[in-house]
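Below is one structure, written out as C-alpha cells, with a few remarks after it.
A note on names: the letters A, B, ... follow the listed sequences, proteins ahead of strands, and every chain is numbered from 1. Every heavy atom of this structure was used, including side-chain atoms; hydrogens, water molecules and symmetry mates were not.
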Amino acid sequence: MKETIIALLDEALVTLKQQGVLPADTSPTIKVDPTKDKAHGDYATNLALMLAKPAGKKPRDLAEALVAALPESAAVSKTEIAGPGFINFFASTDAVAQVVAQVLESGDAYGRSLAGQGQKVQVEFVSANPTGPLHVGHGRGAAIGDSLCRLLEAVGHDVTREFYYNDAGAQISNLALSVQARVKGLGPEDAGWPEDGYRGDYIQDVANSYLAGETVHADDRHVTAKGDPEDLDAIREFAVAYLRREQDLDLKAFGVEFDVYFLESSLYEDGKVEATVERLIDQGHTYEEEGALWLRTTDFGDDKDRVMRKKDGGYTYFLPDVAYHLDKWQRGFARVINEQGADHHSTVTRVRAGLQALDAGIPQGWPDYVLHQMVLVTRSGVEVKLSKRAGSYVTLRDLIDEVGRDATRYFLAARRADSQLTFDIDLARSQSNDNPVYYVQYAHARVCSVLRRLEAEGLSFDHDLALANLASLTEDQEKALMNRLARYPEVVAHAAASREPQQVAQYLQDLAADFHTCYNAVKVMVEDDALRNARLALGLATRQVIRNGLDLLGVGAPEEM
RNA sequence: GCGCCCAUAGCUCAACCGGAUAGAGCAACGGCCUUCUAAGCCGUGGGUUGCAGGUUCGAGUCCUGCUGGGCGCGCCA
C-alpha cells in the first residue's frame, strides 16, 4: 500500500517537472507515513512541505498541484490536503484487506526480507567470563543480543553468534584458588582463604563436584575432575568447564545458543597476540616508558595512551581485545556488532584505536557496538546489589525459574538498551496484567480459542471463501487492525537497521491492543459463512504476525493461557 | 575535573532518517460478562517532553550552555 502511494507520487512528480512547476533536478526521497489519527486517512506525506522551498511555492498550493497530477488508482479512495500542506490518502477497503491474503500466503516468512543479501554479520554478546553464574546484566545482553541476531536474520543476513571469554587471566586464577580453598574445607571467614576470593555458594558446588571426580560437558569443552586438592591446574580447568556448562544451561533455558565460543587463550596459543604486538610496533605507534610498552591511541581519538605490555611482561586485556577483533576482521566479517554492558564503554574507543593503528584496512568506526545500561534488581521494594566478586547477586537462572523464560526475555528486550532498567522481581513474578507479555500472548491465545470454538461447532475455515470476501472487512476496528498488520515488515526492517529489538515489542503491544479492540467490537462466529470466514482470516493473519514478532524476541506464542 | 549514556503523565515506558492535537500500560474514577477466554473492552481525569537559548514552514527529536542521575576514567576485565 505504502509502496503504491510512493509510486503514485513519483509519477506526479514527473508530471509536475514536465509542466515546469518543479525544477527538473528535484529528486526528493518520498516519505509516506501511516497516520496517527484516522481522521487524517490511512497514509500521509509531507512531500509538499519538503518541496515548497525549492519550488518557490506555498506548500498548500504545491500540494494541490501534486494531487491534481496524481494518477488514478483503485487503491486510493480519496485524497485530502490538510494542515500546513500534508496530503492525506484514504486507502480503499480492498487495498487494505489485501494484507490479510498476503500474511496468510507468506506465513512465517511474512515480515522477512532478503535485503541483507546474505551478508555475513557477526554478533558478539554475553561474553561472560567463567567465574560464576550469569547475572541479570548478562541476561539483558543475551535477550538483546539474540533478538538482534533474529532480526538480522529476518532481513536476510548470515549471522554468526559468538561468545568470547577469558579462560586464563587473573580472574581465572582467583577462581581456581577459591575452588581449591573450598576443596580443602576452607570458608571465606577462615585464615588462608584467598584474598578477593569468590565467596558464592556455587564455589562449594564446584569443589564438591571436583572431589567427586565428576565429568562435565560444556558446549565447547569436556573435562573430568582429577579430585587432587593440590593440582591447581586441574582445578582451574575443571572449574572453568563446570561454570561454562552452568552458563550454557542457563542460556539454553533462556533460548539462546551460540555458533562460536572463542577462547582468549587461543589467541596466545595461535601466536595472534604476539603477531599483533609486532605489527603495532612495526607501524610505529608504540613507545616504551617505565618498563611498559604503550600504544599511542591518542593518535586515533583516545583520551590517553594505553599500556599494552606491563612491566612484568604480561599483556593487558587491551591487547588480546585488539588481536581478537583483527581475527574477526580476517574471518571476513565486514560487519561486526558487539553487544555489551555500558560499564565497558571505554573499550570502544580503545579497541577501534588499536585496530586503526594496525593499518590493516579496517574502516574507522568498525566494529559497531550496542551498549546496554545497568539493570537494577529490586525485591520487596529493596535493591538487590549486583556484585560478582561478593558472590551475592540475582542470577539469570533465578529469574528464569521465578518469572518464567518468556516474561524474562520480554522484560529484558522490550526496553531501549541505553536506558537503565529496573527489574522488579515481585512485579515480574506476579501473573497479573501488569505484565505486557501476557497481553500480547493472550491476543494470540484468543485467536486459537476462536478456532477451537469453530471446530467445536463442526465448522472449518474455508480459505478460498475467506479470501474472496475480504472486502467485507469494513468495520473501523478491522481496518485499523489490517493497517497495523501491513506495517509489520517495515517495523522489522527498521528495528534491524537501528538495532533496537524493543521496537518489535512496542509494535506487538500496539497490534495486540488493536486486536483486543477488534475482538470486543466485532464478533467472528457469525452465521454468514462469507463474513465469518473473512473475519477468521483476519484473526489468523493477526495470530501469524504475533507469532512471527514474538519469535523475533525469542518469546513463545501459547495457544491457551 | 574529563568522557559516554539518560531525563517525556503520580509510576513503568513509547513516539518510525524533524511533521498535524506527544501515545500505551499500571495506579485513580465511571461503565461492559444469559453472546467467540473479562489475563479483555469502552469512557473520564492526568503533560510548560528537566531548565535556558538557537537552527526552520515546523523541535520530545538537531545544535549550544546549564541542572539532576547512571557508568567509566588501572601496568583489572
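- At a threshold of 4.0 angstrom between heavy atoms, the contacts of Gln502(A) are confined to the sugar-phosphate backbone, with no base atom among them.
- Among the heavy atoms of the strands lying under 4.0 Å from Ala82(A) is at least one base atom, whether or not backbone atoms are also near.
- Across all strands shown, Ala44(A) has heavy atoms under 4.0 Å from base atoms, whether or not it also approaches the sugar-phosphate.
- Note on Ser449(A): a base of the nucleic acid sits closer than 4.0 angstrom, heavy atoms only.
- Taking atom CZ on Arg415(A) and atom P on rU8(B), their separation rounds to 13 Å, with Å as the unit.
- When the side-chain nitrogen and oxygen atoms of Thr349(A) are compared with OP1 and OP2 of rC4(B), none of them lie within a distance under 4.0 Å.
- Aromatic pair Phe163(A)/Phe125(A): ring centres not closer than 6.0 Å.
- Asp514(A) pairs with exactly one of Arg484(A), Gln509(A), Gln477(A) by the side-chain hydrogen bond (donor to acceptor under 3.5 Å, both in side chains) rule, that one being Arg484(A).
- The aromatic rings of Phe262(A) and Tyr324(A) lie tilted to each other, with the angle between the two planes from 30° to 60°.
- As judged by a 4.0 angstrom heavy-atom cut-off over every strand, Arg416(A) is placed among residues touching the sugar-phosphate backbone only.
- In this structure, Val32(A) reaches neither bases nor backbone, as no heavy-atom distance under 4.0 Å exists between it and the strands shown.
- Comparing rC75(B), rC41(B), rA15(B) by their nearest atom to the side chain of Thr517(A) picks out rC41(B).
- Look at His345(A) and you won't find any side-chain N or O under 4.0 angstrom from OP1 or OP2 of rG3(B).
- What separates CZ of Phe318(A) from P of rC73(B) is a distance of 15 Å, to the nearest Å.
- Using a 90° window around 0 for the glycosidic torsion, rC36(B) falls outside it and is classed as anti.
- OP1 or OP2 of rU12(B) has not a single side-chain nitrogen or oxygen of Gln506(A) nearer than 4.0 Å.
- Checked against a 6.0 Å centroid threshold, the rings of Tyr369(A) and His345(A) do not count as neighbours.
- At the phosphate of rG74(B), OP1 or OP2 sits under 4.0 Å from a side-chain N or O atom of Lys304(A).
- Ring-plane geometry between Trp294(A) and Tyr287(A) is classed as parallel, the angle between the planes falling under 30 degrees on a 0 to 90 degree scale with a further cut at 60.
- Contact between the side-chain N/O atoms of Tyr410(A) and the OP1/OP2 oxygens of rC13(B) is not found at any separation under 4.0 Å.
- When heavy atoms are screened at a 4.0 angstrom cut-off, Arg306(A) is found touching no nucleic acid atom at all.
- Counting non-hydrogen atoms under 4.0 angstrom, Ala292(A) reaches a base of the nucleic acid.
- Spacing of C1' atoms, rG45(B) relative to rG30(B), comes out at 11 Å, to the nearest Å.
- Lys310(A) has a side-chain polar atom (N or O) that falls below the 4.0 Å cut-off from OP1 or OP2 of rC76(B).
- Side-chain to base pairing of Asn88(A) with rA20(B): one donor and one acceptor N or O lie within less than 3.5 Å of each other.
- At a threshold of 4.0 angstrom between heavy atoms, the contacts of Gln441(A) with the nucleic acid are absent.
- Atom C1' of nucleotide rC6(B) and atom CG of Leu371(A) are separated by 13 Å, given to the nearest angstrom.
- Arg446(A) has a side-chain polar atom (N or O) that falls below the 4.0 Å cut-off from OP1 or OP2 of rA38(B).
- Within the 4.0 angstrom heavy-atom criterion, no nucleotide atom of any strand lies near Asp303(A).
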